[in-house]
Amino acid sequence: MVSEHFFPETSLLLDALVERIAEQLRLAVEAHGQAVFLVSGGSSPKPVYERLSDMPLAWDKIIVVLVDERWVSLDHPASNAAFISQHLLKNNAENTRFIGLKNAAATAKEGQASCEKILQTLPAEPDVCLLGMGNDGHTASLFPYAQGLSAGLENQSPKRCVAICAQRSEVTGKFTERMSLNFSYLSKAKHSFLLINGEQKRQAYTAALQAGPIEDMPIRAFLQSSEVQLNVYWSP
Ligand SMILES: O=C(O)[C@H](O)[C@@H](O)[C@H](O)[C@H](O)COP(=O)(O)O
């Protein structure tokens, strides 16, 4: 199910989204002593993370987990782990436990097993998930028709991550290997948010709402799922 939260200005969206995410993390920690927060990379969530980092939450009881990662070193400009460290893991959130998806394996495919082992130590249902979306309808690293996509879209998988060879990357413009949480695990998040901005992404979102192959616009897996309550936040 989808609930739309469209705002005329980004500042209003950020006020609402940051408060909502903080509230859900707060409630999760109160309810079961910890909270698992799945975070996307890219660029749109930067102001959300900057504001969250200042929020007076029990960050020592929150586990921040990457939704996906480009298979690059941590000092590479495309690294999502570096992005999260730079914009979220600071201020009040500085010492938060963080689980990235990059390891020493030469390729994501070779690194999948050890990444999976770490992810399997997490609760079956993460508490909060913040997704982004590309103009092509990808989310996480579930890119249209990418190698690994069908495994990544499996509804009930015992696995939680998948190696993806993206057909192209909107960041580097080249073929990139990625590690991504799969739909099966992402869809178990208790509170899921999709953050999109601008006219192009709104058109892509509207197209994804139409019937069509999930492989063509993988965000459809979330939009069409009766299990996922997706809160869509959009501003111009
Ligand atoms: O690694 C990534 O790039 C993200 O996880 C990816 O899924 C992102 O959310 C979309 O590509 C949107 O990216 P922007 O927010 O930069 O538009």
Side-chain angles (χ1 to χ4, degrees), residues 10 13-14 17-18 21 37-52 64-74 76-88 98-102 108 111 115 119 126 128-146 148-149 152-153 160-183 185-187 189 192-205 207-208 214-215 217-223 228 230-236:
T10 301
L13 176 151
L14 291 173
L17 179 56
V18 167
I21 289 175
F37 180 20
L38 307 182
V39 295
S40 283
S43 57
S44 309
K46 178 179 160 188
V48 175
Y49 299 144
E50 290 283 344
R51 292 191 188 199
L52 279 172
V64 171
V65 184
L66 260 185
V67 159
D68 69 332
E69 181 59 283
R70 299 80 182 268
W71 207 254
V72 293
S73 59
L74 295 188
H76 189 287
S79 163
N80 279 338
F83 172 78
I84 295 298
S85 299
Q86 189 182 353
H87 300 294
L88 177 59
F98 172 67
I99 295 179
L101 301 179
K102 177 73 170 62
C115 195
L119 293 170
V128 177
C129 176
L130 178 59
L131 294 172
M133 187 190 78
N135 293 323
D136 58 0
H138 83 260
T139 190
S141 282
L142 304 171
F143 283 87
Y145 305 107
L149 180 66
L153 289 176
R160 294 180 172 182
C161 69
V162 61
I164 296 273
C165 185
Q167 305 294 338
R168 59 179 174 73
S169 155
E170 295 195 1
V171 177
T172 60
K174 297 197 295 287
F175 283 91
T176 49
E177 269 240 290
R178 296 198 174 202
M179 188 69 79
S180 180
L181 298 185
N182 59 22
F183 171 74
Y185 190 54
L186 288 166
S187 66
S192 294
F193 302 90
L194 174 65
L195 171 60
I196 49 176
N197 45 42
E199 201 38 50
Q200 234 187 328
K201 285 196 181 175
R202 182 170 176 161
Q203 285 173 17
Y205 164 70
I214 291 180
E215 296 71 21
M217 298 189 88
I219 191 67
R220 282 190 172 126
F222 297 82
L223 298 174
V228 176
L230 188 64
N231 297 281
V232 181
Y233 280 69
W234 176 86
S235 65

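Just follow the structure's listing: the first ligand is 1, and inside any ligand the first atom is 1. Just so we're clear, the structure is a prediction, and the values are computed from it rather than from any experiment.
Applying the side-chain contact (heavy atoms from CB on, under 4.5 Å) criterion to S44, with sequence neighbours excluded, gives L195, N197, K201. For the side-chain contact (heavy atoms from CB on, under 4.5 Å) test, residues two or more places apart in sequence or in another chain that qualify with R220 are A208, P213, I214, D216, M217, Q224.
Remark: ligand 1 and G134 share no N or O pair separated by less than 3.5 Å (distance only, no angle test). Some N or O of S44 is nearer than 3.5 Å to an N or O of ligand 1, by distance alone. By the 3.5 Å distance cut-off applied to N or O atoms, S141 is not counted among the residues near ligand 1.
Numbered from 1 in the order shown, with element, the atoms of ligand 1 that lie under 4.0 Å from a heavy atom of N80 read 1 (O), 2 (C). Near K201, with a cut-off below 4.0 Å to any heavy atom, the atoms of ligand 1 are 12 (C), 14 (P), 15 (O), 17 (O). Within ligand 1, the atoms closer than 4.0 Å to a non-hydrogen atom of G42 are 2 (C), 3 (O), 4 (C), 13 (O), 16 (O), numbered from 1 in the order shown. Taking every non-hydrogen atom of G132 and a distance limit under 4.0 Å, the qualifying atoms of ligand 1 come out as 9 (O). For ligand 1, the atoms lying closer than 4.0 Å to a non-hydrogen atom of S43 are 14 (P), 15 (O), 16 (O). Taking every heavy atom of R178 and a limit of under 4.0 angstrom, the matching atoms of ligand 1 come to 1 (O), 2 (C), 3 (O).
Proximity of V67 to ligand 1 is not established, as no heavy-atom distance is less than 4.0 Å.
For atom 12 (C) of ligand 1, the choice among E69, M133, K46, R70 with the nearest heavy atom turns out to be M133.
Taking NE2 of H138 as the start and CG of L131 as the end, the distance is 10.5 Å to the nearest 0.5 Å. Note: N80 CG to L74 CG = 11.0 Å, rounded to the nearest 0.5 Å.
Looking only at side-chain heavy atoms (C-beta outward), F193 and L230 stay at 4.5 Å or farther from each other. Proximity of E215 to L149: side-chain heavy atoms (C-beta onward) are separated by under 4.5 Å at one or more points.
In this structure, the ring of H87 has its center no less than 6.0 angstrom from the ring center of Y49.
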Do S180 and D68 pass the side-chain hydrogen bond (donor to acceptor under 3.5 Å, both in side chains) test, and can you show the C-alpha distance, the side-chain angles, and the key distance before you say yes or no?
-> CA-CA 4 Å; S180 180; D68 69 332; 5.2 Å; no
